Protein chains: 2
Amino acid sequence: MLVYLKHLLMQQDNNTNINHFFNAAFSVDLVLFTFHEGEIKIALEKKEEVRFEGQPGLPGMLIYPNEDTGSALESLSAMVVGHSDYYRNQLRAFTAVARHPQGRVITIGYYGLIPFEKVQLVNDKITWNNIESLPNLCYDHNGIIPVALEKFKNEVIHQPVIFELLPEHFILREIIEAYELLFKKNFDAANFRRQLRSSGLIAPVGKIRDTEHQIGRKPEEYRFDKALYQAQKQKEKIGFTFTANS
Amino acid sequence: MLVYLKHLLMQQDNNTNINHFFNAAFSVDLVLFTFHEGEIKIALEKKEEVRFEGQPGLPGMLIYPNEDTGSALESLSAMVVGHSDYYRNQLRAFTAVARHPQGRVITIGYYGLIPFEKVQLVNDKITWNNIESLPNLCYDHNGIIPVALEKFKNEVIHQPVIFELLPEHFILREIIEAYELLFKKNFDAANFRRQLRSSGLIAPVGKIRDTEHQIGRKPEEYRFDKALYQAQKQKEKIGFTFTANS
DNA sequence: GCAAAAGTGTTACTCGTACACCCATGT
DNA sequence: ACATGGGTGTACGAGTAACACTTTTGC
């Protein structure tokens with residue numbers, strides 16, 4: 001019952017002086033994944049503020065009270081990868097009272113996926129780090145990444161988002177590799193390939209990838225077929241499932 | 001490239017006068033579901049501010065810059081249902097620039113589930129409304145509810161959250177009914193019941209529900225068995241699946 | 001007895017899994 | 001020739017979908 005009274009008190013306060021509430025700031029922070037050199041990586045930004053002494057953190061920025069979150073994200077993206085043309089979604093807000101040393105700053109976490117071929121190296125403060133060995137990050141950023149990873153893993157088994165971080169023309173091995181890294185499991189490549197082909201999501205480009213020094217049969221290139229996906233979407237039953245090898 | 005420059009400018013601004021950022025407010029808004037009288041309902045609050053003329057909206061409140069989001073939610077919950085002992089989760093932040101008439105207020109949406117038997121009617125501003133016929137709500141609240149519904153529907157097929165809005169002792173028909181309302185489909189009751197019993201999630205209470213005027217065989221009561229669930233959890237493969245009748 | 005709702009039995013079928021095997025290619 | 005990776009065939013088994021059938025109860 002005490003809690004209830006507290007609320008009543010606050011409501012009164014609210015009516016008499018709403019200005020008390022307008023002393024918070026907010027920001028966006030971005031967990032941007034890519035797939036490069038056989039690793040899943042995220043973008044980190046070296047923080048130049050004196051108190052951080054170059055400690056890395058997620059790319060992020062404060063938002064002006066009259067600024068749109070979307071356009072803030074676009075500015076941020078331009079700084080990180082040179083443009084804002086990639087897949088991204090809001091994760092959630094992180095609101096711990098003491099998460100920022102300069103006042104109450106709640107941050108809205110975003111997660112994104114980008115093919116490494118679309119990454120422009122426009123900023124030398126940005127580094128790409130394997131998600132398996134991340135350093136200590138500033139603020140509460142070490143806590144945001146697991147949330148992003150969970151979201152990613154959840155989406156990737158229900159929606160065809162894996163294509164958002166593969167090159168436009170990919171081979172099936174790359175898909176399998178990405179899934180194996182994400183779930184830390186080995187999959188039956190034969191079944192996985194078959195399921196991918198019959199998923200109705202990809203179409204062969206009609207080109208064999210000719211990598212040098214590759215032993216064994218050369219793989220065919222595929223592309224994500226959005227038209228096919230849209231058509232399938234109606235019928236539910238999208239995608240595919242899989243289980244790990246022993 | 002223009003976007004990139006804009007960012008640089010803002011960074012400078014940032015360094016010189018960070019106070020510009022601390023003029024925003026934020027709030028929590030709650031989409032609380034229950035199951036009552038054969039309907040899925042959410043709590044709405046009649047807004048007494050003059051400009052709303054009693055228009056309903058989601059229960060919500062502004063948060064003080066030094067106030068924890070969790071404790072704000074507890075106060076809010078006490079106002080809505082008399083306590084804060086129910087299942088809830090953050091949805092995401094809603095940040096549109098003009099969503100609040102008195103300034104920049106971003107709101108953090110929460111969704112919750114509560115059995116109607118746990119709802120205390122402590123506040124006559126709160127009404128419970130069938131989700132199928134909601135009125136026009138204040139602010140952007142009509143846009144928050146679909147997000148909550150999606151989240152709920154997504155969780156309910158992957159996790160045993162349906163029990164969070166059923167009475168402690170329920171009958172299988174109630175589960176089926178809740179699913180049918182949520183997904184607007186009819187399920188094969190025979191198969192559904194069998195799957196529920198073999199899901200390892202529920203245990204019979206050992207009591208037959210004796211409702212008056214009920215035609216037909218009387219159903220057995222069950223309860224959610226958390227111990228069984230925790231045990232099952234290790235082995236993955238939680239819950240059950242189902243498809244709709246034609 | 002009849003209707004309605006709970007609950008059981010049975011069968012056909014789908015789909016994932018495992019694994020043997022074949023194909024293409026570089027050294 | 002052989003190792004390596006791409007790709008095909010196939011058989012088993014688990015689990016779902018459909019539906020007929022039985023049981024319990026109120027009127």
Side-chain angles (χ1 to χ4, degrees), chain A residues 38 156-158 166 169-181 183 185-223 232 235-246, chain B residues 38 157-158 166 169-180 183 185-223 232 235-246:
Chain A
V156 91
I157 63 178
H158 293 299
L166 294 180
H169 291 175
F170 51 82
I171 60 174
L172 303 189
R173 160 63 46 196
E174 290 173 330
I175 302 188
I176 302 175
E177 204 177 341
Y179 273 88
E180 291 188 334
L181 288 170
F183 293 95
K185 285 178 181 174
N186 294 318
F187 299 106
D188 184 308
N191 287 330
F192 210 124
R193 285 200 177 89
R194 181 171 19 221
Q195 286 180 80
L196 284 170
R197 284 201 202 85
S198 65
S199 68
L201 298 175
I202 59 176
V205 187
K207 203 182 136 204
I208 303 294
R209 177 168 300 184
D210 196 359
T211 322
E212 282 187 8
H213 304 301
Q214 192 206 314
I215 308 172
R217 181 168 172 174
K218 294 182 175 176
E220 199 173 352
E221 290 190 350
Y222 287 83
R223 62 182 174 80
Q232 294 266 328
K235 314 181 203 163
E236 303 276 327
K237 284 270 183 187
I238 277 297
F240 46 88
T241 57
F242 45 78
T243 36
N245 282 342
S246 52
Chain B
I157 63 178
H158 294 298
L166 295 179
H169 291 176
F170 51 81
I171 60 174
L172 303 189
R173 160 64 43 198
E174 290 173 330
I175 301 188
I176 301 173
E177 203 175 343
Y179 274 88
E180 291 187 334
F183 293 94
K185 287 178 179 172
N186 293 319
F187 299 106
D188 184 308
N191 287 331
F192 210 124
R193 285 198 177 90
R194 180 169 22 222
Q195 286 180 83
L196 284 170
R197 284 201 202 83
S198 65
S199 68
L201 298 175
I202 59 177
V205 188
K207 202 182 135 200
I208 303 295
R209 178 169 300 185
D210 195 359
T211 324
E212 281 189 8
H213 303 303
Q214 190 206 316
I215 307 172
R217 181 167 171 174
K218 293 182 174 175
E220 201 174 351
E221 291 189 350
Y222 287 83
R223 62 183 174 79
Q232 295 265 328
K235 315 182 204 162
E236 305 275 326
K237 285 270 183 188
I238 278 298
F240 47 88
T241 57
F242 45 78
T243 36
N245 282 343
S246 52

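Every value quoted in this text rests on a predicted model; they were computed, and no experiment measured them. Below, chains carry the letters A, B, ... as their sequence lines are ordered, and counting in each starts from 1.
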Practice prompt. Please state how far atom CG in N186(A) lies from atom C1' in dG5(D), giving the value in whole angstrom units.
Written response: 15 Å
Discussion item. Tell me every residue that passes side-chain contact (heavy atoms from CB on, under 4.5 Å) with R173(B), counting only those two or more places apart in sequence or in another chain.
Written reply: I171(B), I176(B), E177(B), E180(B), A189(B), R193(B)
Discussion item. Any base atoms under 4.0 Å from R194(A), or only sugar-phosphate, or nothing? Heavy atoms, all strands.
Written reply: base
Discussion item. Going by salt bridge (charged side-chain N to carboxylate O under 4.0 Å, His left out), name the pairs with one or both residues in residues 199-211 of chain A, residues two or more places apart or in two chains.
Written reply: E174(A)-R209(A), K207(A)-E221(A), R209(A)-E221(A), D210(A)-K218(A)
Worksheet item: Is the distance from OP1 or OP2 of dT25(C) to the nearest side-chain N or O of H213(A) less than 4.0 Å?
Response: no
Discussion item. Tell me the interatomic distance from N191(A), atom CG, to dT10(D), atom C1', rounded to whole angstroms.
Written reply: 11 Å
Fill in: Nucleotide dT8(D), atom P - distance to CZ of F192(A) in whole Å
16 Å
Practice prompt. Take the protein atom CD1 of I171(A) and the nucleotide atom P of dA24(C), then report the distance between them rounded to whole Å.
Written response: 18 Å
Discussion item. Using whole Å, what does the distance between atom C1' of nucleotide dG7(D) and atom CD of Q195(A) come to?
Written reply: 15 Å
Response to the item:
Side-chain atoms of P219(A) come closest, of dG6(D), dG7(C), dC19(D), to dG6(D)
Listed pairs, N/O of protein and of nucleotides 22-25 of chain D, under 3.5 Å:
from: dT24(D); atom 1: O2; to: R217(B); atom 2: N; distance (Å): 3.0
from: dT25(D); atom 1: O2; to: G216(B); atom 2: N; distance (Å): 3.4

Practice prompt. List the steps and the verdict of side chain to side chain contact (heavy atoms under 4.5 Å, CB included) for I175(A) and Y222(A).
Written response: CA-CA 11 Å; I175(A) 302 188; Y222(A) 287 83; over 6 Å; no
Fill in: Spacing of Y222(A) atom OH relative to dG6(D) atom P, expressed in whole Å
12 Å
Practice prompt. Quickly work out the D210(A) CG to dG5(D) P distance and round it to whole Å.
Written response: 17 Å
Practice prompt. With heavy atoms under 4.0 Å as the rule, sort R197(A) into base, sugar-phosphate or nothing.
Written response: sugar-phosphate
Worksheet item: How would you list, by chain and number, every residue that makes a side-chain hydrogen bond (donor to acceptor under 3.5 Å, both in side chains) with R217(A), sequence neighbours excluded?
Response: none
Fill in: Partners passing side-chain hydrogen bond (donor to acceptor under 3.5 Å, both in side chains) against R223(B) (at least two apart in sequence or in another chain)
none
Discussion item. Tell me the interatomic distance from E220(A), atom CD, to dG7(D), atom P, rounded to whole angstroms.
Written reply: 7 Å
Discussion item. Restricting to non-hydrogen atoms, name the atom on N191(B) and the atom on D188(B) that form the minimum distance, rounded to 0.1 Å.
Written reply: N-OD1, 3.0 Å
Discussion item. If the condition is ring pair (Phe, Tyr, Trp, His ring centres under 6.0 Å), which residues does F170(B) pass it with, not counting sequence neighbours?
Written reply: F163(B)
